[in-house]
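Shown next, in structure tokens, is the structure this report addresses.
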Amino acid sequence: MAHAAPPSALEQSGPIRVEHDRQRRQFSVRLNGCHDRAVLLYEYVGKRIVDLQHTEVPDAYRGRGIAKHLAKAALDFVVEEDLKAHLTCWYIQKYVKENPLPQYLERLQP
């Protein structure tokens, strides 16, 4: 994928790697070494139901598709763990509308 913007520390570090911290219930991408992070926060709201609550990407890194990677990782986690998901986060709602994969749609809670 070509980027028109000048290379940044993020792009020089290679592909975007999403890390999942199950204890803190968050997905994150390290930006510019380890100081800045993009995060997606979730909570269990039932035994097999997660609420994907909030996605946050620092201003300087917005518009680069980082939130997309976080949303995909979180939804793939829901699928792999056979959970149901409630989408509080507007960005994840938008991501599912743009990527209406059956495995995502069948796991959504109203």
Side-chain angles (χ1 to χ4, degrees):
M1 185 161 56
H3 290 279
S8 70
L10 175 68
E11 289 157 341
Q12 290 167 356
S13 69
I16 294 172
R17 271 207 351 262
V18 177
E19 297 170 9
H20 184 190
D21 183 337
R22 289 172 184 261
Q23 285 184 319
R24 295 173 75 186
R25 292 175 298 286
Q26 69 179 21
F27 292 87
S28 63
V29 173
R30 288 177 203 219
L31 308 166
N32 196 14
C34 60
H35 299 297
D36 296 326
R37 287 178 168 259
V39 295
L40 184 155
L41 307 175
Y42 68 92
E43 284 292 337
Y44 279 88
V45 293
K47 194 171 179 187
R48 313 270 323 142
I49 304 168
V50 291
D51 182 4
L52 303 180
Q53 295 179 324
H54 181 64
T55 306
E56 190 171 319
V57 177
D59 288 343
Y61 296 94
R62 291 197 177 149
R64 302 184 192 193
I66 297 166
K68 216 176 271 189
H69 286 273
L70 290 167
K72 181 182 183 324
L75 289 162
D76 288 347
F77 160 70
V78 168
V79 170
E80 287 161 17
E81 300 285 321
D82 195 25
L83 303 171
K84 294 284 186 189
H86 179 74
L87 308 182
T88 297
C89 175
W90 69 268
Y91 181 83
I92 301 172
Q93 293 171 11
K94 176 178 169 249
Y95 179 85
V96 170
K97 276 188 186 133
E98 293 171 356
N99 302 276
L101 302 177
Q103 67 265 36
Y104 294 164
L105 297 175
E106 69 191 19
R107 288 181 170 76
L108 299 184
Q109 290 280 102

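Taking hydrophobic clusters as Ile, Leu, Val, Met, Phe, Trp and Tyr residues chained together by side-chain heavy-atom distances below 4.5 Å, Phe77 shares a cluster with Ile16. Trp90 and Val39 are assigned to two separate hydrophobic clusters, defined by single-linkage of ILVMFWY side chains at heavy-atom distances under 4.5 Å. Follow the hydrophobic side-chain contacts under 4.5 Å out from Val57 and you reach Val29 in the same cluster. Side-chain heavy atoms closer than 4.5 Å link hydrophobic residues (I, L, V, M, F, W, Y) into clusters, and following such links, even through other members, never connects Val18 to Leu41. Hydrophobic cluster membership differs between Val45 and Leu108, with clusters built from Ile, Leu, Val, Met, Phe, Trp and Tyr side chains linked at under 4.5 angstrom.
Atom NE2 of residue His69 and atom CG of residue Leu40 lie 13.5 Å apart, to the nearest 0.5 angstrom.
Using a 4.0 Å cut-off between charged side-chain N and carboxylate O, Asp82 and Arg107 make a salt bridge. Salt bridge present: Glu81 and Arg22 bring a charged side-chain N and a carboxylate O closer than 4.0 Å.
A ring-centre distance under 6.0 Å is found for His20 and Tyr42.
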Determine whether Leu75 and Val96 satisfy the following criterion, side-chain contact (heavy atoms from CB on, under 4.5 Å), listing intermediate values before the conclusion. CA-CA 9 Å; Leu75 289 162; Val96 170; 3.7 Å; yes

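In terms of modelled atom types and a separation under 3.5 Å, the side chain of Arg48 and the main chain of Tyr44 share no donor-acceptor contact. Checking side-chain atoms of His86 against main-chain N and O of Pro110 turns up a donor-acceptor pair under 3.5 Å. A donor-acceptor contact shorter than 3.5 Å links the side chain of Gln93 to the backbone of Leu87.
Side chains of Tyr61 and Asp36 form a contact here, defined as non-hydrogen atoms less than 4.5 Å apart. Put simply, the side chain of Glu19 reaches to within 4.5 Å of the side chain of Arg37, judged on heavy atoms. Contact of the Leu31 side chain with the Pro58 side chain is registered, since non-hydrogen atoms from C-beta on lie closer than 4.5 Å.
Heavy-atom minimum distance, Ala71 versus Tyr91: CB-CE2, 4.1 Å. Residue Cys89 comes nearest to Thr55 through the heavy atom pair SG-OG1, 3.3 Å, listed as atom of the first residue, atom of the second, then distance.
Counted within 6.0 Å of CZ on Arg17, heavy atoms from surrounding residues, nucleotides or ligands total 12 or fewer; the atom is thus considered open.
Of the N and O atoms on the side chains of Tyr104 and Asp76, at least one donor lies less than 3.5 Å from an acceptor on the other residue.
With sequence neighbours left out, the side chain to side chain donor-acceptor pair (under 3.5 Å) criterion links Lys68 to no other residue.
Here the options are Gln53, Arg25, His54, the test is side-chain hydrogen bond (donor to acceptor under 3.5 Å, both in side chains), and the partner is Glu43; only Arg25 passes.
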